[in-house]
Amino acid sequence: MLPNELTAERFDAYPSEARALAVRELPLMRQLPLSYLPLLLREVIDYDWKFPAERKEIDDQFSYLGAMSRQQLAARMLAFVQIKMSPALGKIDWVNDPIRFSEELSKHLWETHQMDHFRQASIAFIHGLHVARPAKPLPLARLAMVIIGEDVQTTNYPLFRKLRRQGTHFTNVLPANGRKALFQALQERASAHPIPYAHWHIDGGNVRTSRADIAAVSYEALLPVRDKLLSKMVNIMSGGSGPELLRTKLALMRPGEFGLPDQGDAQILSRFQLSLLTEGSGTQIFSTTFVMWAAREALRRAQPLTVLAHYTPRQRDAIIQAPTGKPPVTDPQSSLIDADIGAYYTWIDQQRLSGAAQSGFLAWFEAHKQAVAIGPKWKPGTTESGSVGLADVVKELA
């Protein structure tokens, strides 16, 4: 089937809001090339449980393309039209299985040496979209705070080597009530700007906040989900299945199978949490990997104003296996290194969002005197040895 053959009935299996959007935009979608439309539908099919920022990106694409004349649309899509498609791609049910189509398209582009052309077409399209629909000013500067090093008494590891180059390295912060100060900053920002999914608490332990204006994700709280998922993974692999079948089955799993909310607005966060465990590598086993991946995905997808990520010690050694019931042996020292790298990645991910130049970032070695702050008021590559409270540093960042 080609895009110009689309009918409203083709979207009957879509969730309600995704179906309504697809039917409304049907005349436009009939004009789009096969090399582009299924990739857009890959986002549309999950519209019902996407974050507001993701929905806006989809809506913006339709608005951008829908405002064009037929001639303008043809010119905008020309680079995609020029891609030589395999007849086999058109036989895939790309309306209801756009993920499979995108995977086969990627394979086809590499095999036919067209990936560079496709990438250039995509970059040009995104650039045109951003020019036509620029990001709106933020209600306040973004702030990310990362707490690392729980249970570490001493270390010879040189912390924040990469982050120090970007901001000020504090060597004498007052550690008393430091965690409380960062949580208070998160709560104050959420109270002042109660925007859905704009403020996040990601924790390798138990979530310490329970507020409607803060999206909370916890490694420990997901223990029943992780155990059940690991058991399912072991069963799938023990039958001789390869990684491709495992990946396919993981993608088909739904929150309700694990006791998570599967209806209404609550499913947005539960589907996000399940995706962290089914799409991430090691997120089911290692708390540090979970926090790192959760922060990355929250920033990429929800584009929040505030993120507080708290790392806890991970297991020392582990393999994918069914739960044994034995308490894990933790490794605080190695977890500190993991978290230090994770903090740097969080800063990078924050820099990819709008308003990056005004954003604030803080990483703190918990219960110790080391921290690093990055923001417009902090000179890159500098050191501050004077005594200062974390709350004061955060105020300067926010």
Side-chain angles (χ1 to χ4, degrees), residues 1-6 18 21-22 24-47 50-90 92 94-95 97-138 142 296-297 299-303 345 348-359:
M1 184 185 69
L2 296 175
N4 59 10
E5 300 173 298
L6 276 175
L21 174 62
R24 184 174 70 245
E25 300 294 346
L26 187 57
L28 171 61
M29 292 193 293
R30 287 172 176 159
Q31 303 176 59
L32 301 178
L34 185 61
S35 56
Y36 169 80
L37 178 57
L39 306 183
L40 178 56
L41 291 180
R42 179 173 178 169
E43 303 303 318
V44 171
I45 198 171
D46 293 335
Y47 190 87
K50 284 188 174 294
F51 294 118
E54 296 177 294
R55 291 190 179 197
K56 182 181 182 302
E57 289 181 345
I58 296 172
D59 295 341
D60 282 351
Q61 284 195 57
F62 280 119
S63 297
Y64 172 56
L65 295 172
M68 297 179 183
S69 66
R70 281 187 172 269
Q71 294 76 15
Q72 291 172 327
L73 182 61
R76 179 73 282 175
M77 291 288 113
L78 180 60
F80 292 102
V81 172
Q82 291 173 339
I83 293 174
K84 298 177 182 179
M85 302 288 285
S86 165
L89 290 170
I92 297 174
W94 46 266
V95 173
D97 196 358
I99 292 179
R100 182 188 166 210
F101 178 91
S102 64
E103 291 173 346
E104 292 298 322
L105 174 62
S106 178
K107 179 181 176 182
H108 170 72
L109 293 173
W110 282 113
E111 289 177 345
T112 57
H113 307 288
Q114 297 184 91
M115 183 57 79
D116 286 344
H117 178 86
F118 180 83
R119 185 180 293 111
Q120 291 169 4
S122 301
I123 292 173
F125 175 83
I126 295 299
H127 175 73
L129 172 62
H130 288 169
V131 170
R133 302 188 70 84
K136 295 181 179 179
L138 299 174
R142 300 188 197 275
R296 173 192 184 274
E297 289 296 280
L299 285 164
R300 182 182 69 87
R301 293 184 50 191
Q303 301 177 27
Y345 287 158
I348 291 176
D349 292 329
Q350 186 191 45
Q351 292 300 293
R352 295 189 172 117
L353 302 178
S354 61
Q358 290 75 43
S359 295

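Hydrogens, waters and symmetry mates are skipped; everything else that's a heavy atom, side chains included, is used. The first residue in the sequence is number 1, and the count goes up from there. Fair warning: this is a prediction, and the values are worked out from it, not measured in the lab.
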### Summary
d(Asp349 CG, Glu297 CD) to nearest 0.5 Å is 9.0 Å

### Query
Got a second to check how far Ile58's CD1 is from Ser63's OG, nearest 0.5 Å?
12.0 Å

### Query
Less than 4.5 Å apart, any side-chain heavy atom of Arg142 and any of Leu299?
no

### Query
Under the side-chain contact (heavy atoms from CB on, under 4.5 Å) test, which residues partner Leu73, sequence neighbours left out?
Leu28, Gln31, Leu32, Leu65, Met68, Met77

### Message
I need the Trp94 CH2 to Glu104 CD distance, nearest 0.5 Å.
### Response
16.0 Å

### Task
Sort and list the pairs that fulfil salt bridge (charged side-chain N to carboxylate O under 4.0 Å, His left out) and have at least one residue in residues 34-47, not counting sequence neighbours.
Glu43-Lys50

### Task
Apply the test side chain to side chain contact (heavy atoms under 4.5 Å, CB included) to residues His117 and Leu109: give CA-CA distance (whole Å), side-chain angles for both, the deciding distance (0.1 Å), then the verdict.
CA-CA 9 Å; His117 178 86; Leu109 293 173; over 6 Å; no

### Query
Would a 4.5 Å heavy-atom cut-off, applied to side chains only, mark Leu34 and Pro3 as touching?
yes

### Task
Spell out, as yes or no, whether a donor-acceptor pair under 3.5 Å connects the side chain of Arg301 to the backbone of Glu54.
no

#### Entry: Test side-chain hydrogen bond (donor to acceptor under 3.5 Å, both in side chains) applied to Gln303 and Lys56, Gln350, Glu57, Arg352, the passing residue
Glu57

### Message
Can you tell me how far apart CG (Leu41) and OH (Tyr47) are? Round to the nearest 0.5 Å.
### Response
14.0 Å

### Query
Can you name the residues that form a side-chain contact (heavy atoms from CB on, under 4.5 Å) with Gln71, not counting sequence neighbours?
Ser69

### Task
Compare all side-chain heavy atoms of Phe62 with those of Arg24 and state whether any distance is below 4.5 angstrom.
no

### Query
Does Thr112 have any side-chain hydrogen bond (donor to acceptor under 3.5 Å, both in side chains) partners at least two apart in sequence or in another chain, and if so, which?
Gln114

### Task
Identify the two heavy atoms, one from Gly355 and one from Ser359, that lie closest to each other, and give their separation to 0.1 Å.
O-OG, 3.0 Å

### Message
Restricting to non-hydrogen atoms, name the atom on Val81 and the atom on Ser35 that form the minimum distance, rounded to 0.1 Å.
### Response
N-OG, 4.3 Å

### Task
Sequence neighbours left out, what pairs pass salt bridge (charged side-chain N to carboxylate O under 4.0 Å, His left out) with at least one residue falling in residues 121-136?
Asp60-Arg133

Pairs under 3.5 angstrom only: tabulate donor-acceptor contacts from the side chains of residues 119-130 to other protein residues two or more places apart or in another chain.
from	atom 1	to	atom 2	distance (Å)
Arg119	NH1	Asp116	OD1	3.0
Ser122	OG	Phe118	O	2.9

### Query
With side chains defined as the heavy atoms from C-beta onward, is the minimum distance between Met85 and Leu105 less than 4.5 Å?
yes

## Note on the structure
d(Leu40 CG, Gln61 CD) to nearest 0.5 Å is 5.0 Å

### Query
Can you tell me how far CZ of Arg300 sits from CZ of Phe51, rounded to the nearest 0.5 angstrom?
10.0 Å

#### Entry: Where Ser354 and Leu138 come nearest, the two heavy atoms and their spacing
O-CD1, 3.7 Å

### Message
Could you tell me if the side chain of Ile83 sits less than 4.5 Å from the side chain of Tyr36, heavy atoms only?
### Response
no

### Query
Hey, is the main chain of Glu103 close enough, under 3.5 Å, to the side chain of Ser106 for a donor-acceptor pair?
no

